[in-house]
Amino acid sequence: MSKALGYAAQSAQSPLAPFSFQRREPGPQDVSIEILYCGVCHSDLHTVRNEWKSTTYPALPGHEIIGRVTAVGGEVTRFKKGDLAAVGCMVDSCRDCPSCKQGLEQYCEAGFTGTYNSPDPEIGAMTYGGYSDHIVVDQYFVLRVPENLDLKATAPLLCAGITTYSPLRHWNAGKGQKVGIIGLGGLGHMGVKLAHAMGAHVTLFTTSPGKQEDARRLGADEVVISSNQMAMAKVLNSFDLIIDTVSAQHDINAYMALLKLDATLVMVGGVPDPLPMQTFSVIFKRRHFAGSLIGGIPETQEMLDFCAKHNIVSDVEVIPIQKINEAYERMLRSDVKYRFVI
Ligand code: NAP
Ligand code: ZN
Ligand code: ZN
């Protein structure tokens with residue numbers, strides 16, 4: 001075991017505070033990584049405050065990790081000491097079920113091991129994430145970091161990037177397609193950049209009028225302020241695909257009405273409470289309401305390589321870990337451009 005330091009919450013009501021714990025010694029297949037940067041995802045906040053009713057305390061989040069390899073186990077072939085390395089939302093899965101065999105570890109039938117707040121069979125406790133100084137991960141779940149990308153701005157690709165890339169790819173976003181992205185936060189701003197790079201016509205839906213300029217700079221062809229009913233009415237029945245990244249309660253029916261015949265709205269936002277949907281939202285125009293969870297390991301590497309090729313990273317504000325509780329409050333007010341990175 002090796003001593004690790006991080007920031008954890010002891011209950012749903014307590015702030016994140018310094019916390020020391022043990023990491024396992026690297027086994028034959030393990031890579032030990034000194035963490036340089038870790039992005040701050042809204043899922044971290046949902047988890048710390050037990051909004052999904054599934055948190056075990058202490059909770060130590062963080063699943064957008066960029067670091068440098070400090071040691072490798074005897075059977076590790078893909079990394080050596082000194083390499084850059086990244087870790088996203090998963091650190092293990094069964095690797096044997098039909099989903100794992102297709103590289104869709106996020107849909108592992110036995111349940112994947114999350115980077116935090118998952119039972120860790122290796123140490124018999126819960127996993128602790130990237131708000132910490134180092135992490136030990138099986139080499140299969142460690143990603144290669146392209147050399148040309150700014151490291152701090154690359155961290156958010158590991159969750160915000162792959163979570164939007166995967167549905168855009170699965171539903172074939174590209175030239176000639178009208179894609180809508182709802183919410184310009186961590187996920188949303190990556191969705192805008194990625195959909196634009198894939199060649200789609202991109203419309204950003206936002207509740208924040210002040211984000212219009214940024215949205216266009218990030219790659220949106222159009223911006224619609226969702227409270228403006230005239231603007232919403234103008235784009236009824238016109239989208240091939242909509243990705244909804246909103247983290248809180250909102251009127252899903254208003255967005256379903258924007259889909260064309262047979263088109264799909266993909267929910268990626270983890271809204272804690274049910275979203276009431278009218279049956280006619282899907283009956284008319286035979287529309288689909290779908291969901292999507294992060295992305296598998298092969299697709300995460302593909303996304304990093306796509307970003308390297310198109311020179312895409314996240315727009316970040318770097319904070320010292322001591323400011324994490326303040327950052328959570330700002331994230332709740334949509335006051336971040338567009339991802340905090342520790
Ligand atoms: P974020 O940075 O806080 O962005 C969320 C955005 O949603 C905000 O910037 C805001 O955009 C909009 N929004 C917030 N509250 C709203 C409200 N009450 N009504 C309408 N719009 C609202 O969060 P994030 O890190 O991108 O994460 C977004 C959600 O995705 C979270 O629930 C997170 O847990 C989930 N998530 C899911 C997956 C997955 O695999 N499916 C992976 C990662 C995260 P505007 O200011 O532009 O309106
Ligand atoms: Zn995340
Ligand atoms: Zn599996």
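In listed order, ligands and their atoms are each counted from 1.
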Q: Please work out whether any backbone atom (N, CA, C, O) or any side-chain heavy atom from C-beta onward of Gln106 is under 4.0 Å from ligand 1, and answer side chain, backbone, both or neither.
A: neither
Q: Can you tell me which residue among Tyr7, Tyr116, Tyr128 is in a ring pair (Phe, Tyr, Trp, His ring centres under 6.0 Å) with Phe21?
A: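 Among Tyr7, Tyr116, Tyr128, the one that satisfies the ring pair (Phe, Tyr, Trp, His ring centres under 6.0 Å) with Phe21 is Tyr128.
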Q: Counting only heavy atoms closer than 4.0 Å, does ligand 1 sit against the backbone of Thr163, its side chain, both, or neither?
A: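 The side chain, only.
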Q: For Gln249, counting its heavy atoms only, list the atoms of ligand 1 lying under 4.0 Å from any of them.
A: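 It comes down to these atoms of ligand 1: 18 (N), 19 (N).
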Q: Could you check whether Arg169 makes a cation-pi contact with Phe306, meaning its NZ or CZ is under 6.0 Å from the centre of the six-membered ring and within 45° of the ring axis?
A: yes
Q: Counting only pairs under 3.5 Å, give me each side-chain donor-acceptor contact of residues 170-186, with atom names and distances, residues two or more places apart or in other chains.
A:
residue, atom, partner, partner atom, Å
Lys178, NZ, Ser238, OG, 3.4

Q: Within the stated cut-off of 2.8 Å, is an N/O/S atom of Cys41 closer than that to the Zn ion (ligand 2)?
A: yes
Q: Can you name the atoms of ligand 1, numbered from 1 with element, that are less than 4.0 Å from a heavy atom of Gly183?
A: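 Here the atoms of ligand 1 in question are 11 (O), 47 (O).
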Q: Which is it for Ser166 and Glu299 under the side chain to side chain donor-acceptor pair (under 3.5 Å) test, yes or no, and what are the steps along the way?
A: CA-CA 7 Å; Ser166 186; Glu299 193 173 48; 2.6 Å; yes
Q: Hey, are His250 and Asp244 close enough side-chain-wise for a donor-acceptor pair under 3.5 Å?
A: yes
Q: Trp52: heavy atom below 4.0 Å from ligand 1, yes or no?
A: yes
Q: Given that the side chain starts at C-beta and the backbone is N, CA, C, O, which of these parts of Ser292 lies under 4.0 Å from ligand 1, counting heavy atoms, or is it both or neither?
A: backbone
Q: How open is the angle at the Zn ion (ligand 3) from atom SG of Cys100 over to atom SG of Cys97, rounded to 10 degrees?
A: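 Nearest ten degrees: 110°.
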Q: Give a yes/no answer: is there an N/O/S atom of His42 under 2.8 Å from the Zn ion (ligand 2)?
A: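 So His42 does not bind the Zn ion (ligand 2) by this criterion.
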Q: Can you find a side-chain donor-acceptor pair between Tyr140 and Glu105 that sits under 3.5 Å?
A: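 Glu105 and Tyr140 do have a side-chain donor-acceptor pair below 3.5 Å.
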Q: Please list, in number order, the atoms of ligand 1 under 4.0 Å from a heavy atom of Leu187.
A: 24 (P), 25 (O), 26 (O), 27 (O), 30 (O), 36 (N), 43 (C), 44 (C)
Q: Give the numbers and elements of all ligand 1 atoms closer than 4.0 Å to a heavy atom of Leu293.
A: 40 (O)
Q: Starting from atom 20 (C) of ligand 1, what is the nearest protein heavy atom, named by residue and atom, and what distance separates them?
A: Thr207 CG2, 3.5 Å
Q: Less than 4.0 angstrom from a charged side-chain N to a carboxylate O is my criterion; do Asp30 and Arg24 meet it?
A: yes
Q: Taking atom types as modelled and ignoring hydrogens, do the side chains of Arg23 and Ser32 form a donor-acceptor contact shorter than 3.5 angstrom?
A: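 Arg23 vs Ser32: no donor-acceptor pair found between side chains.
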Q: May I ask you to identify the nearest protein heavy atom to atom 25 (O) of ligand 1, giving residue, atom name and distance to one decimal place in Å?
A: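 For atom 25 (O) of ligand 1, the nearest protein heavy atom comes out as Arg339 NH1, 2.6 Å.
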Q: Take the Zn ion (ligand 2) as the vertex and measure to NE2 of His63 and SG of Cys159; round to 10°.
A: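 With the Zn ion (ligand 2) as the vertex, NE2 (His63) and SG (Cys159) sit 110° apart.
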